[in-house]
Amino acid sequence: MKVAVVGATGLVGTEMLTVLAERNFPVTELIPVASERSKGKEIDFKGKKYKVVTPQEAILLKPDVALFSAGGSTSTEFAPLFAEAGITVIDNSSAWRMDPSKKLVVPEVNGDVLTNDDKIIANPNCSTIQMVVVMKPLHEKYKIKRVVVSTYQSVTGTGVKAVDQLMNERNGVEGEKAYPYQIDLNVIPHIDVFQDNGYTKEEMKMIQETNKIMSDDSIRVTATTVRIPVMGGHSESVNIEFENDFDVNEVRELLAASEGIIVVDNPANLEYPMPKDAHGKDEVFVGRIRRDESQDKTLNLWIVADNLRKGAATNAVQIAELLNKKGLV
C-alpha cells in the first residue's frame with residue numbers, strides 16, 4: 001500500500017513512521033510530506049531513504065492512505081484535496097472531529113462505523129482516546145451516566161517547543177516558551193484557549209468527542225485538563241457513575257479481558273500505571289480501581305497512555321489497519 005504521512009517531520013509524524021514500521025503495516029511506498037521548507041529532506045523508513053515532498057506533490061503521487069498530523073489549518077486546506085483525488089485521509093488535528101459528516105474513530109470503541117464512503121476520518125484528541133477505550137466495556141456492562149475527569153498531560157502533547165521549554169528551564173537556559181508560565185516544577189491548569197463558559201477548548205473537546213465516539217449524548221461529562229512537567233504520557237483521574245451497580249473485582253476482570261487495555265492494579269505491591277511505564281507502548285493502562293465510597297454505583301480509576309502513540313500515531317495507524325482489513329482502501 002502506498003502511504004503518505006503529512007507532517008512527517010513533526011513529533012507525531014515521526015511517531016507515525018515508527019508505529020507503521022513496528023506494526024509491519026503493508027507499506028510498499030512511503031511518501032513523507034511536509035511544508036515547502038522541509039522539501040527534499042530525507043526520511044529514513046525501514047532502512048530506505050525517502051525524500052520529503054509538498055502536499056501538492058503528494059496528491060499527484062496518488063497514495064492509498066494519507067495520515068495527517070500537520071495541524072488544523074493544513075488539514076482544512078489539504079485533506080479535502082486528497083479526498084477528492086480518491087485518497088483516504090486519517091486526520092490527527094481537531095479540524096474535522098466535530099464535523100457531523102465525518103467519523104471520529106477509536107477502533108476498539110467504534111471501528112464498526114467506517115464505510116467505503118469515509119474519505120476523511122478524524123482521529124480524536126489524545127486525552128479522549130485513552131478514556132473512551134476504558135469507558136467502552138464499562139458502558140456496555142453497567143451503562144455510564146456521568147464522568148468526571150481530571151487530566152495530567154505531558155508537554156509532548158503541545159509539541160517540540162514545549163519539550164524544549166521544559167528542558168531549558170530544567171537546565172537553567174533561556175529560550176523560547178510554549179507556555180505563558182514556567183512548566184518545570186510547576187503545574188498549569190490550562191490547555192488550549194479558554195472558552196466563554198470558563199472551560200478550555202481541550203476540556204470541551206473531551207466532553208463533545210466522548211459523546212460522539214460513544215454515540216450516546218446521555219453520558220454527561222465534565223473535565224479539567226492540566227499540563228504537568230512530564231516528558232511523555234498522559235494520566236487521568238476518572239470518576240464514573242453508572243446506572244447499574246458493579247463488583248470491583250468483576251470490573252478488573254472485564255477491563256483485563258478488553259482489547260487494548262492492560263490492568264496494573266496491585267496497591268499492596270505499589271503497582272499502578274505511571275507515564276514512564278506506558279512510554280513507547282500502544283495499550284491503555286488502568287489502575288487504582290476502587291469504589292467511590294461517597295456515592296452509589298460510582299467507580300474511581302487512574303488511566304495512563306503514551307499520548308504520542310495510542311493518543312495519536314498508533315490510533316491513526318490502527319484506523320488504517322482496520323480500513324485495510326475491511327477492504328475499504
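What you see below is based on every heavy atom in this structure, not just the backbone, and it leaves out hydrogens, waters and symmetry mates. Predicted, not measured: the structure shown is a model, and the values here were computed from it. The first residue in the sequence is number 1, and the count goes up from there.
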Trainee: Measuring from T222:OG1 to N239:CG, what's the distance to the nearest 0.5 Å?
Mentor: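 Atom-to-atom, T222:OG1 and N239:CG are 11.0 Å apart.
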Trainee: Would you mind checking if E202 and K205 are paired as a salt bridge, meaning a charged N to carboxylate O distance below 4.0 Å?
Mentor: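 Yes, K205 and E202 are salt-bridged.
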Trainee: For the pair S215 (side chain) and N211 (backbone), establish whether a donor and an acceptor sit closer than 3.5 Å, ignoring hydrogens and angles.
Mentor: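 The answer is no, because no donor-acceptor pair under 3.5 Å joins these two groups.
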Trainee: Looking only at non-hydrogen atoms, find the nearest pair between I129 and P124 and report the distance.
Mentor: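 It is CD1-O, 3.5 Å.
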Trainee: So does T115 get a backbone contact from the side chain of D118, meaning a donor-acceptor N/O pair under 3.5 Å?
Mentor: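 Yes: the side chain of D118 pairs with the backbone of T115.
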Trainee: Taking everything shown except K143 itself, do over 12 heavy atoms lie less than 6.0 Å from its NZ?
Mentor: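 Counting other residues, nucleotides and ligands, NZ of K143 exceeds 12 neighbours.
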Trainee: Give the other cluster members for W96, using side-chain heavy-atom distances under 4.5 Å between Ile, Leu, Val, Met, Phe, Trp and Tyr residues; answer none if it is isolated.
Mentor: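 The other cluster members (ILVMFWY side chains, heavy atoms under 4.5 Å, direct or chained) are V6, I31, V33, V53, I59, L61, F68, F78, L81, F82, I87, V89, I120.
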Trainee: With a 4.0 Å cut-off, would you call R252 and D265 a salt bridge?
Mentor: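 So R252 pairs with D265 through a salt bridge.
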Trainee: Drop me the distance from I144's CD1 to E241's CD, to the nearest 0.5 angstrom.
Mentor: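 So the CD1 of I144 and the CD of E241 are separated by 11.0 Å.
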Trainee: With a 3.5 Å cut-off and no angle check, do the side chains of E169 and Y179 form a donor-acceptor pair?
Mentor: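 No, no side-chain donor-acceptor pair sits under 3.5 Å.
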Trainee: Is the terminal nitrogen or CZ of R146 (NZ for Lys, CZ for Arg) located under 6.0 angstrom from the six-membered ring centre of F242 and within 45° of that ring's axis?
Mentor: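 No, cation not above the ring by the 6.0 Å, 45° rule.
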Trainee: Should D282 and R23 count as an ion pair when the cut-off is N to O under 4.0 Å?
Mentor: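 So D282 pairs with R23 through a salt bridge.
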Trainee: Does the side chain of Q153 pick up a donor-acceptor pair with the side chain of E236 at under 3.5 Å?
Mentor: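 There is no such pair between these side chains.
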Trainee: How many angstroms lie between atom CG of L308 and atom CG of N92, to the nearest 0.5 angstrom?
Mentor: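 L308 atom CG to N92 atom CG measures 9.5 Å (nearest 0.5 Å).
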Trainee: Under 3.5 Å, is there a donor-acceptor pair between the side chain of Q130 and the main chain of S127?
Mentor: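 Flag not set: sc Q130 to bb S127 has no pair under 3.5 Å.
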Trainee: May I ask you to say whether K145 pairs ionically with E243, meaning some side-chain N is under 4.0 Å from a carboxylate O?
Mentor: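 E243 and K145: not salt-bridged.
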Trainee: May I ask you to say whether K136 pairs ionically with E140, meaning some side-chain N is under 4.0 Å from a carboxylate O?
Mentor: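 Between E140 and K136 there is a salt bridge, with a charged N closer than 4.0 Å to a carboxylate O.
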Trainee: Please find the pair of heavy atoms, one from N123 and one from I319, that lie closest to each other, and give the distance.
Mentor: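 Shortest heavy-atom contact: OD1-CD1, 3.6 Å.
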Trainee: Closer than 4.0 angstrom, basic N to acidic O: yes or no for E57 and K39?
Mentor: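 So E57 pairs with K39 through a salt bridge.
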Trainee: Between atom CZ of R309 and atom OG1 of T314, what is the distance when rounded to the nearest 0.5 Å?
Mentor: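 These two atoms lie 4.5 Å from each other.
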Trainee: So, taking the atom named CG in L104 and the one named NZ in K212, what distance separates them when rounded to the nearest 0.5 Å?
Mentor: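 So the CG of L104 and the NZ of K212 are separated by 5.5 Å.
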Trainee: Can you confirm whether Y199 is buried at OH, in the sense that more than 12 heavy atoms of other residues, nucleotides or ligands lie under 6.0 Å from that atom?
Mentor: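 Not more than 12 within 6.0 Å, no.
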Trainee: Distance only, no hydrogens: is a donor on one side chain within 3.5 Å (strictly under) of an acceptor on the other, for K310 and Q318?
Mentor: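 Yes, because at least one side-chain N or O of K310 sits under 3.5 Å from a partner of the opposite role on Q318.
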Trainee: Set out, in order, the CA-CA distance, both residues' side-chain angles and the distance that settles salt bridge (charged side-chain N to carboxylate O under 4.0 Å, His left out) for E176 and K161, then state yes or no.
Mentor: CA-CA 7 Å; E176 204 180 358; K161 194 169 156 186; 3.5 Å; yes
Trainee: Are R291 and D245 close enough for a salt bridge, meaning some N to O gap below 4.0 Å?
Mentor: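 Result for this pair is yes, salt bridge flagged.
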Trainee: Regarding E77 and T74, is there a side-chain donor-to-acceptor distance under 3.5 Å anywhere?
Mentor: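 T74 and E77 do not have a side-chain donor-acceptor pair below 3.5 Å.
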